[in-house]
Amino acid sequence: MELLNRQFVEAETHPEKVLQFGTGVLLRGLPDYFIEKANQAGLFGGRIAVVKSTDRCNIDPFEQQDNLYTIHIKGVERGRDVQEVLLVSAISRVIPAASEWETVLDSARNPALAVVISNTTEVGIVLDEQDDLFASPPTSFPGKLAAVLFERFKMFHGAEDKGLVILPTELIDNNGVTLRDIVITLAERNQLGSDFIDWLKNDNHFCNTLVDRIVPGSLGVAERAQAERQLGYKDRLAIMAEPFCLWAIESSHPRVSEVLSFAVADSRVVITPDIRKFKELKIRLLNGSHTFACGLAILAGFDTVKEAMANRGFLNYVKRLMHREIIPTLVEIGIDKAEAAIFADQVIDRFSNPYLEHQWESISTNFTSKMRARNMATLERRVKAGVGSGADYMALGFAGYLKKGGADPYPLLADWENDRIPWGDFLSSVKKYLAQLQQRPAMDVLDELNRQNESGN
């Protein structure tokens, strides 16, 4: 069977409008997906030059497949099974930075270039104080970006309309602002001049972004074989993604909306002056409910998220956790209840995806730090609103987290009590459920709580 190549798609003549740092599955499954959709709809007309910054990625599969790949979208949406396929032809080339840095710099001289996208992992956006922007290439991602921007500044003599829209997708708070500040610091330390720094600040748009899509990666052996039979080609770069996706981009500048014309092709690309709402929905409902439910699921004997969600009792636990206890804390900070409820129902679909193998043990990694980051604000908001007691679903989940922590959960509980966080009666509820989990099977405790709360969600 033939390997995927350009014979399978119509020839394109779009210019390279995007420079992308990273070849990973998240970028290919989310930003590149949206750009492909926009190109097919005639709404963007631009291709992506990809920079490979590390030695871990082999670019041979990209070259052998003319930079084409297939996205297999599989999951549940509004309770309906979804299976779709999209052939992505938006990538024009992959450039290894280590051996072809001059080619990367040459892309900066392209007048059509308008957008930079990155995903260099959470540790990619850091300041390397020793970074040399004149090296081939600079060591860090911010250093590489600063060098690209400086090359563009020189090429076009600081023209206002040649600034770029920069969209980091790394999962850190204020990723755009953080990246901008590091790039400016590197420019100052490398003495690139006040004119360049002014151009960086005034004519380039470093946008905070939030990306949300589960992209597990390559297909399994059986799934790959089935896809090859159906599509008639082999694809070494094929990836799977869930149906849900969101790309929230923070900006109120008209130039950003003008440049990012691909956003018009899909309502799940949101350009907004403030992305905090989307962060809160994701962290509190998606990540937070995952963390509350994790220890309890493991104690109940479930290996994967989809296995737990197939159990009616556990499904009701997660629904009531979100709708009854987490959503009211989001309403307290101004998020519309109906919008939060829709997001919660989407989370249920995502957790129930039969095509994803999310291991609870993997989710429990760094359990305490996740519990603090994702759920402390939720608990504190309940107390502030005068509803510190009665958070039974959160309390049971918290008790499950404590018991999962070891044979003796009480030292861990003492650590939390020593923080003297004003949680009202919450910790006394936790102790009640912890005592029950010490004596009875987890599903028995959970089912009893559900029976006490049978009405509605």
Side-chain angles (χ1 to χ4, degrees), residues 16-39 43-53 88 90-92 104 107-108 110 112-122 124-126 140-146 148-149 152 162-184 200-213 215 245-276 278-279 282:
E16 289 180 346
K17 289 186 177 181
V18 181
L19 187 64
Q20 175 175 297
F21 287 83
T23 59
V25 295
L26 177 63
L27 289 174
R28 291 195 282 129
L30 190 73
D32 299 355
Y33 163 83
F34 284 127
I35 290 171
E36 176 67 27
K37 286 190 66 180
N39 281 344
L43 294 171
F44 184 61
R47 299 181 73 193
I48 306 164
V50 176
V51 179
K52 169 193 168 280
S53 295
V88 177
I91 294 177
S92 56
V104 176
S107 70
N110 170 15
L113 185 66
V115 182
V116 171
I117 302 172
S118 72
N119 192 291
T120 54
T121 77
E122 290 82 348
I125 301 183
V126 294
S140 68
F141 160 59
K144 292 180 178 69
L145 177 60
V148 164
L149 291 170
R152 188 168 185 81
K162 290 299 185 285
L164 304 178
V165 175
I166 298 154
L167 306 173
T169 66
E170 289 82 354
L171 297 176
I172 62 171
D173 282 340
N174 299 314
N175 46 20
V177 171
T178 302
L179 178 59
R180 180 199 65 195
D181 291 347
I182 294 173
V183 168
I184 290 172
L200 278 178
K201 293 178 179 178
N202 300 326
D203 301 317
N204 293 268
H205 303 276
F206 291 78
C207 302
N208 295 327
T209 77
L210 175 72
V211 290
D212 189 3
R213 188 176 216 176
V215 187
C245 54
L246 171 70
W247 192 7
I249 300 167
E250 189 171 81
S251 179
S252 57
H253 200 287
R255 174 150 175 79
V256 171
S257 296
E258 176 189 348
V259 168
L260 304 184
S261 57
F262 58 76
V264 180
D266 197 309
S267 61
R268 296 170 297 181
V269 183
V270 181
I271 303 174
T272 176
D274 191 341
I275 64 172
R276 284 177 295 181
F278 299 100
K279 287 183 178 180
K282 179 178 184 292

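Small disclaimer: the values here were computed from a predicted structure and weren't measured.
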Nearest 0.5 angstrom please: L179 CG to I166 CD1, how far? 6.5 Å
Closest non-hydrogen atom pair, A90 against D32: CB-O, 4.5 Å
In short, R213 meets L26 closest at the heavy-atom pair O-CD1, 3.9 Å
Take T169 and N175 through the side-chain contact (heavy atoms from CB on, under 4.5 Å) test and state the conclusion after the steps. CA-CA 7 Å; T169 66; N175 46 20; 5.6 Å; no
Is there a side-chain contact (heavy atoms from CB on, under 4.5 Å) between L145 and V116 once you walk through the steps? CA-CA 9 Å; L145 177 60; V116 171; 4.0 Å; yes
Nearest 0.5 angstrom please: I48 CD1 to E36 CD, how far? 8.5 Å
Considering non-hydrogen atoms only, spot the tightest contact between K279 and D173 and give its length. NZ-OD1, 3.9 Å
Main-chain N/O of L164 paired with R152 side-chain donor or acceptor, under 3.5 Å: no
Set of residues satisfying salt bridge (charged side-chain N to carboxylate O under 4.0 Å, His left out) with respect to D274, sequence neighbours excluded: R276
How many angstroms lie between OG1 in T178 and CD1 in I172, if you round to the nearest 0.5 Å? 4.5 Å
Which value, rounded to the nearest 0.5 Å, describes the distance between L43 atom CG and I35 atom CD1? 12.5 Å
Sequence neighbours left out, what passes side-chain contact (heavy atoms from CB on, under 4.5 Å) with V259? Give chain and number order. A114, V115, V165, R255
Any donor-acceptor N/O pair, Q20 side chain to I117 backbone, under 3.5 Å: no
Interatomic spacing from OG1 in T209 to CG in D212 - rounded to 0.5 Å: 11.5 Å
Six-ring centre of Y33, R268 cation under 6.0 angstrom, axis tolerance 45°: no
If you look only at distance, which donor and acceptor atoms sit under 3.5 Å apart when one is on a side chain in residues 245-252 and the other is two or more places apart or in another chain?
{"unit_1": "E250", "atom_1": "OE1", "unit_2": "N208", "atom_2": "ND2", "d": "2.9"}
{"unit_1": "E250", "atom_1": "OE2", "unit_2": "I275", "atom_2": "N", "d": "2.9"}
{"unit_1": "S251", "atom_1": "OG", "unit_2": "H253", "atom_2": "N", "d": "3.1"}

Can you tell me how far CZ of R28 sits from CD1 of I91, rounded to the nearest 0.5 angstrom? 7.0 Å
For F21 versus T120, what's the shortest heavy-atom pair and its separation? O-CG2, 4.2 Å
Step by step, would you call L260 with L167 a side-chain contact (heavy atoms from CB on, under 4.5 Å)? CA-CA 10 Å; L260 304 184; L167 306 173; 3.9 Å; yes
Donor-acceptor under 3.5 Å (N110 side chain, E16 main chain): yes
Restricting to non-hydrogen atoms, name the atom on F141 and the atom on G124 that form the minimum distance, rounded to 0.1 Å. CB-O, 3.9 Å
Backbone N/O of P254 and side chain of S257: donor-acceptor pair under 3.5 Å: no
Say whether, by atom type as modelled, one donor and one acceptor occur between the side chain of N39 and the main chain of R47 under 3.5 angstrom. no
Quick one: is the NZ or CZ of K17 closer than 6.0 Å to the six-membered ring centre of F44, and within 45° of its axis? yes
Note: L27 and G22 closest approach over all heavy atoms is CD1-O, 3.4 Å
